[in-house]
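First up is the structure itself, then whatever we jot down about it.
Predicted, not measured: the structure shown is a model, and the values here were computed from it.
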Amino acid sequence: MPVNVDRPALTQQAMEDLGSNPAPDDPIGSVIGRRLARRTALRGLFGAAAAGVLPATLPARARAGAGAQPEGASTLGFRGLPHSNSPDSVVPEGYEIQTLMRWGDPVLPGAPAFDPANQTAEAQALQFGYNNDYLDFFPLPKGSRGGEHGLLVVNHEYTNPELMFPGLGDAKAARTRATAAQVRTQIMAHGASVVEIRRQDGRWAPVAGGEMNRRITAETPMRISGPAAGHERLRTKDDPTGTRVLGTLNNCAGGNTPWGTVLIAEENFNYYFGGDAVATGAQAAAYKRYGLVRDPQFPWLRHEARFDVGNEPNEPNEPNRFGWVVEFDPYDPNSQPVKRTALGRFKHEGCTHAVAPDGRVVIYMGDDERFDYVYKFVTARPWNREDPAANRDLLDDGTLMVARFHDDGTLDWLPLVHGEGPLTEANGFRSQGDVVIETRRAADLLGATPMDRPEDVETNPVNGRVYVMLTNNTSRRPDRLDATNPRPSNAHGHALEIIPPGNRDHAARTARWEVFLMAGQPGTSAGAAYHRAVGPDSGWLSCPDNCAFDSKGRIWIATDGAPHAAKVADGLYAADTDGEGRALTRRFYAAPQGAEVCGPLIGPGDRTVFLAIQHPGEDAESTFENPSTRWPDFQPGMPPRPSVIAIVKKDGGVVGI
């Protein structure tokens, strides 16, 4: 994902700070100073990690530190990789990397061959986009259980103009030097791709001329639905109805639905909109809460009027049309994407579903910002397994909730419903449309628990628990600690488990929670805590970001920010979630220089690990001419190319064993 609050700055720190939750030092729902008291209440890891010590009374599997791995403790069969930094990527012995799709590869008919020296917006609209993130796989034919032919869905989050175009200089210079034509190319490099792929003779490859292939860009027409549709704060001169919008921006992680559609999530939309009106108009406070500033990280407003908030002095609403979850049918390249406003507006990292016992669908989401929140949405009615058309607008009607965590290991899901509690006209909420447009402020008023950058939130299909990746938060002070966020200046992040009643009732208003692991290097990073066999030399991780699960319920964690926080490459780590190997993490993949690991997807039959490798070569001094890596092509004159890779066992077997 783009540069965020705890990654190397490509923009002013002041701009980043504006995006952080300005919650008070003693927010409602936080229980400060009692983080050690609950250690006997949970079976996982505990608030004692905040003090950098885990007492001997804790289970051996939960203590940090060195030690030989217990015989047979982990169900993983590969030898974990050592930590490293390298221009190339690395996998364990017995595995191989297959490069499946690269930035600029053809997607639609008529796409020209990739020529980095002669890029155009017209070509990019037909080619694979930049900075791939979320991945999903939909089998072909539709409804089949086959695992070697299907549609790969890929988000394209943002762009690195310093690595895309020659002559622009480093990252800071390139943002302002990009020409109008180069900005147009970047606009077309955003969005998503749908690509037909097949595995033959052990190798994954795109199917030439796939009839269902699709490119979604920052200018693809979309419908707006749900409680904010038609709201006066979504109306513009180009769309006076407030029900149509061009494109989607900064799509990070995502999810899917039981009825076969894909959900892509708009995250740092604030990086694109700016101008003086951001700070002077009637919505200045609302814009500040979402991190908008006069001089955005991507100054497209210099060439594209829609990104200048002052372009519509009477209705400066264009930013309100972003920050949503977008649903579309990957099997129908002509279907119109829909922004589902009932799921709230914030910096969506992902949107993963679970099904409650009564058939209602629950969508879990994280708001990727320091001191922001964990959410879920519960549909008003069950999904219809027999009639997929009946589910078309299921995500428009339901209840959005935000989490308040308690020291005793419980949590409450607080409904964000107009007219309930403080969400009234007296506080500026005249309708549910206002509530979802200003989801963050509504959650502030309810007293949700401010978290350490909640990113991916995923459900384990085996044990029914929900795993929350909390990437980091170096701005958390000692006077703002609570049991779920127990470390000050949390540079390395941690992972939580949410346990719904009976491990199944995801629609319930209450749940329990535990800490799964505290990231960082044991013995060096205060409070780092895993299985006792994770020592200072290998296995530990920093900055958990996205995660996925295989059919055995083992977790696969991708990281973002480890080069900055821990001086090691980002990577992919695996661990058991139950049993003797719980939280015994092993490094499975090491990313190339400057890259982040995104979109972990365990393919059908657990025979492939798909990964989206984003922004290879993104370093402070990297340029198109002199990048820190030329991964994956390693050809003279070819810049680094964000790519989707497939990792398989050389013998074609199941990964991880």
Side-chain angles (χ1 to χ4, degrees), residues 11-12 14-23 222 224 226-250 266-301 304-325 339 341-348 367 369 371-373 400 402 416 418 422-446:
T11 186
Q12 299 93 338
M15 188 207 78
E16 296 173 339
D17 290 342
L18 286 172
S20 301
N21 183 354
M222 300 186 176
I224 300 172
H231 195 286
E232 61 182 15
R233 293 170 68 182
L234 266 66
R235 299 172 191 164
T236 66
K237 63 184 181 184
D238 293 327
D239 172 30
T241 70
T243 60
R244 302 187 307 274
V245 64
L246 288 181
T248 183
L249 290 168
N250 211 270
E266 297 179 326
E267 192 187 22
N268 292 300
F269 63 91
N270 60 303
Y271 287 175
Y272 304 86
F273 299 97
D276 291 341
V278 166
T280 60
Q283 299 187 70
Y287 286 156
K288 182 177 180 179
R289 182 65 179 87
Y290 284 97
L292 273 76
V293 294
R294 286 186 173 92
D295 183 17
Q297 180 165 312
F298 295 96
W300 293 355
L301 58 90
E304 299 280 334
R306 71 182 291 210
F307 298 104
D308 185 345
V309 177
N311 183 49
E312 300 197 49
N314 296 323
E315 296 177 350
N317 293 329
E318 190 70 14
N320 295 334
R321 295 148 67 82
F322 295 85
W324 306 102
V325 170
K339 296 197 176 187
T341 65
L343 276 63
R345 176 171 169 265
F346 44 88
K347 294 185 179 182
H348 290 272
D367 184 353
E369 194 81 76
F371 302 111
D372 263 294
Y373 309 125
L400 181 64
V402 66
L416 292 158
H418 176 251
L423 307 185
T424 63
E425 187 169 1
N427 286 319
F429 299 102
R430 296 177 295 170
S431 67
Q432 186 64 17
D434 285 318
V435 172
V436 295
I437 290 170
E438 291 195 71
T439 302
R440 282 183 167 181
R441 186 167 72 89
D444 293 343
L445 292 173
L446 288 180

> Sequence neighbours excluded, which residues qualify as side-chain hydrogen bond (donor to acceptor under 3.5 Å, both in side chains) partners of Glu232?
Replying inline: Arg430
> Excluding sequence neighbours, so at least two apart, what forms side-chain hydrogen bond (donor to acceptor under 3.5 Å, both in side chains) with Arg441?
Replying inline: Glu438
>> Determine whether Tyr287 and Phe273 satisfy the following criterion, ring-ring contact (aromatic ring centres under 6.0 Å, His included), listing intermediate values before the conclusion.
In response: CA-CA 10 Å; Tyr287 286 156; Phe273 299 97; 8.6 Å; no
>> Ring-plane angle category for Trp300 and Phe307, please: parallel below 30°, perpendicular beyond 60°, tilted otherwise.
In response: perpendicular
> Are Trp324 and Ile224 close enough that some pair of their side-chain heavy atoms sits under 4.5 Å apart?
Replying inline: no
> Any idea which heavy atoms bring Tyr373 and Asp444 closest together, and the distance?
Replying inline: OH-OD1, 2.5 Å
>> Using 0.5 Å steps for rounding, measure from the CG atom of Asp276 to the CG atom of Asp308.
In response: 8.0 Å
> Any sub-3.5 Å donor-acceptor pair from His418's side-chain atoms to Asp434's backbone N or O?
Replying inline: no
> Between Leu400 and Ala342, what is the shortest heavy-atom contact and its length?
Replying inline: CB-O, 3.9 Å
>> Minimum heavy-atom separation for Gln432 and Pro227, please, with both atom names.
In response: CG-CB, 3.8 Å
> Can Arg345 and Phe269 be said to form a side-chain contact (heavy atoms from CB on, under 4.5 Å), step by step?
Replying inline: CA-CA 10 Å; Arg345 176 171 169 265; Phe269 63 91; 3.4 Å; yes
>> If you compare all heavy atoms of Val309 against all heavy atoms of Pro319, which two are closest, and at what distance to 0.1 Å?
In response: CG2-CG, 3.7 Å
> Which residues satisfy the side-chain hydrogen bond (donor to acceptor under 3.5 Å, both in side chains) test with Gln283, sequence neighbours excluded?
Replying inline: Arg233, Asn317, Asn320
>> What I'd like to find out is whether the side chain of Lys237 reaches to under 4.5 Å of the side chain of Asn311, using heavy atoms alone.
In response: yes
> Where is the tightest heavy-atom contact between Pro422 and Leu446, given as atom of each residue plus distance?
Replying inline: CD-CD2, 3.6 Å
>> Is it the case that the side chain of Asp239 and the backbone of Arg244 share a donor-acceptor pair, with hydrogens and angles ignored and the cut-off at 3.5 Å?
In response: yes
> Only one of Asp372, Asn270, Asn250 clears side chain to side chain donor-acceptor pair (under 3.5 Å) with Lys347; which?
Replying inline: Asn270
> Between Asp238 and Arg306, is the closest basic N to carboxylate O distance under 4.0 Å?
Replying inline: no
> Looking at CE of Met222 and OG1 of Thr243, how far apart are the two atoms once the value is rounded to the nearest 0.5 Å?
Replying inline: 14.5 Å
> Roughly how far, to the nearest 0.5 Å, is CZ of Phe298 from OH of Tyr271?
Replying inline: 8.5 Å
> Can you tell which of Arg321, His348, Lys339 makes a side chain to side chain donor-acceptor pair (under 3.5 Å) with Glu266?
Replying inline: Lys339
> Between Gly344 and Thr439, what is the shortest heavy-atom contact and its length?
Replying inline: CA-OG1, 3.4 Å
> Is the closest side-chain heavy-atom distance between Asn268 and Phe322 below 4.5 Å?
Replying inline: no
>> When you measure from the side chain of Thr341 to the backbone of Ala228, do you find a donor-acceptor pair of N or O atoms at a distance under 3.5 Å?
In response: yes
